[in-house]
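To find a chain, count down the sequence lines: A is the first, B the second, and so on, and within it residues start at 1.
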Number of protein chains: 2
Amino acid sequence: MKKPEEQFLDYLARKRLKNTSQRMTILSAFLRQKAHLSTEEFYLQLRKKHPGIGYATVHRTLKLFAECGIASERNFGDGQMRFEVSLGNEHHDHLVCTSCGQILEFENQQIEQLQVDVAKTHNFIIEDHRLELYGLCSACHSTGQQSVS
Amino acid sequence: MKKPEEQFLDYLARKRLKNTSQRMTILSAFLRQKAHLSTEEFYLQLRKKHPGIGYATVHRTLKLFAECGIASERNFGDGQMRFEVSLGNEHHDHLVCTSCGQILEFENQQIEQLQVDVAKTHNFIIEDHRLELYGLCSACHSTGQQSVS
DNA sequence: CTATAAATTGAAATCCGTTTTCAATATCGT
DNA sequence: ACGATATTGAAAACGGATTTCAATTTATAG
Ligand SMILES: [Mn+2]
Ligand SMILES: [Mn+2]
Ligand SMILES: [Zn+2]
Ligand SMILES: [Zn+2]
């Protein structure tokens, strides 16, 4: 497993892109994040320490991370793209709490295999997939919370 | 299984909404559609026969269909909401061709059950889920098509 | 059947996350 | 250092979804 910094620098070199201080600052801040932030959320976080970096640069850099495999782009249906660190993070799917927004991760090898079987019976070549379970997390349903309507 | 027209009229009555000719026209056109149309696509289709009905009314009426269970809202990550008739249409998941856009449907009871198991181990109450497999349909990979980058 | 209150309509405006534009600046191979 | 090329941040543009609003239609009560 290559280090993220290396992987990013390799990607920049391969694409004849330049190594800038903004990109490195954004990378190290991003790698420190735990999970599933929107561009806006990440930008607001970053701005506290690095007020000089613009939203557009953050946006463009997160896209670069996705292109080179450092980040995964996620869409949980709330109208915002979200990013999570994918390098060194096994493939997984998500449980999304519709009440508090918490996101839990899971992996189920049987489901993965069944997906392959389904694709095979339709003569379909899988490139990617998404599986998300929406509902109430343990905390939210034990306190009688209802999902936001 | 109640008829869609009945179900819609019941819903309107329950919510003290009014029965209008536009709503009935949109309903009957929608029920005639086979699959997964965006609001725009449906509106353009409808306009051929009913040029007087505005986009806003179509949009609002499709939302009503979703609320009352006649339609399902789908999002296949292309930045547009899509609608399909759900009444009398069993639950199913989708195979989405990233090359030609074709959408195939499937149902797999084993996967559904495994999802329930996953939720149980996380003490999570499932309200809804989405499973989509993205890749190349039979036609597209047999002709050497690549997915749009 | 009115009259009246309330909901609906279509066009246009607005929203809001995402993406692009552009002139100034920074990077990097030579 | 120079010069070609890429990057940056602010602001504008984009695009689908939603809302506004004045005119119209519907449903209810008298
Ligand atoms: Mn995750
Ligand atoms: Mn379908
Ligand atoms: Zn919760
Ligand atoms: Zn195809």
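Atoms CD (Gln80(A)) and P (dT19(C)) sit 12 Å apart, rounded to a whole Å. When the C1' atom of dC16(C) is taken as reference, atom CG of Asp78(A) falls 13 Å away, rounded to whole Å. With rounding to whole Å, Glu40(B) atom CD is found 15 Å from dT18(D) atom C1'. Atom pair Met24(A):CE and dA26(C):C1' shows a separation of 14 Å (rounding to whole Å applied). Counting to the nearest Å, the P atom of dT9(C) and the CG atom of Leu62(B) are 12 Å from each other. In this structure, Ile53(A) places its CD1 atom 14 Å from P of dA26(C), rounding to the nearest Å. Residue Tyr43(A) contributes atom OH, which lies 7 Å from atom P of dA10(D) at whole-angstrom precision. If you take CD1 of Ile26(B) and C1' of dT9(C), they are 10 Å apart, rounded to a whole angstrom.
Between Thr57(A) and dT7(D), a side-chain N or O to OP1/OP2 separation shorter than 4.0 Å is absent. For dA17(D), neither phosphate oxygen OP1 nor OP2 lies less than 4.0 angstrom from any side-chain nitrogen or oxygen of Lys63(B). Between Tyr55(A) and dA11(D) there is no side-chain N or O to OP1 or OP2 distance below 4.0 Å. Between Arg23(A) and dT7(D) there is a side-chain polar atom (N or O) within less than 4.0 angstrom of OP1 or OP2. An OP1 or OP2 oxygen of dG10(C) is reached within less than 4.0 angstrom by a side-chain nitrogen or oxygen of Gln22(B).
For dT20(D), the base has a donor-acceptor partner in the side chain of Arg60(B) [N/O atoms by modelled type, under 3.5 angstrom].
Between the side chains of Glu105(B) and His122(A), no donor-acceptor pair of N or O atoms lies under 3.5 Å. For the residue pair His91(A)/Glu112(A), the side-chain donor-acceptor check at 3.5 Å is satisfied.
Comparing dT18(C), dA26(C), dT18(D) by their closest approach to the side chain of His59(A) singles out dT18(C). In the set dA11(D), dT18(C), dA6(D), dA6(D) carries the atom at the smallest distance from any side-chain atom of Leu17(A). Considering only side-chain atoms of Lys18(A), the nucleotide from dG16(D), dA4(D), dG17(C) that sits closest is dA4(D).
Each of Gly79(B) and Thr20(B) was assigned the nucleotide of DNA chain D with the nearest heavy atom; the assignment lying further toward the 5' end belongs to Gly79(B). Nearest-nucleotide mapping onto DNA chain C: of Gly54(B) and Arg16(B), the residue sitting toward the 5' end is Arg16(B).
Checking side-chain atoms of Ser38(B) against main-chain N and O of Gln80(B) turns up no donor-acceptor pair under 3.5 Å. In terms of modelled atom types and a separation under 3.5 Å, the side chain of Thr39(B) and the main chain of His59(B) share no donor-acceptor contact. Here the side chain of Arg130(B) pairs a donor or acceptor atom with the backbone of Asn75(B) at under 3.5 angstrom.
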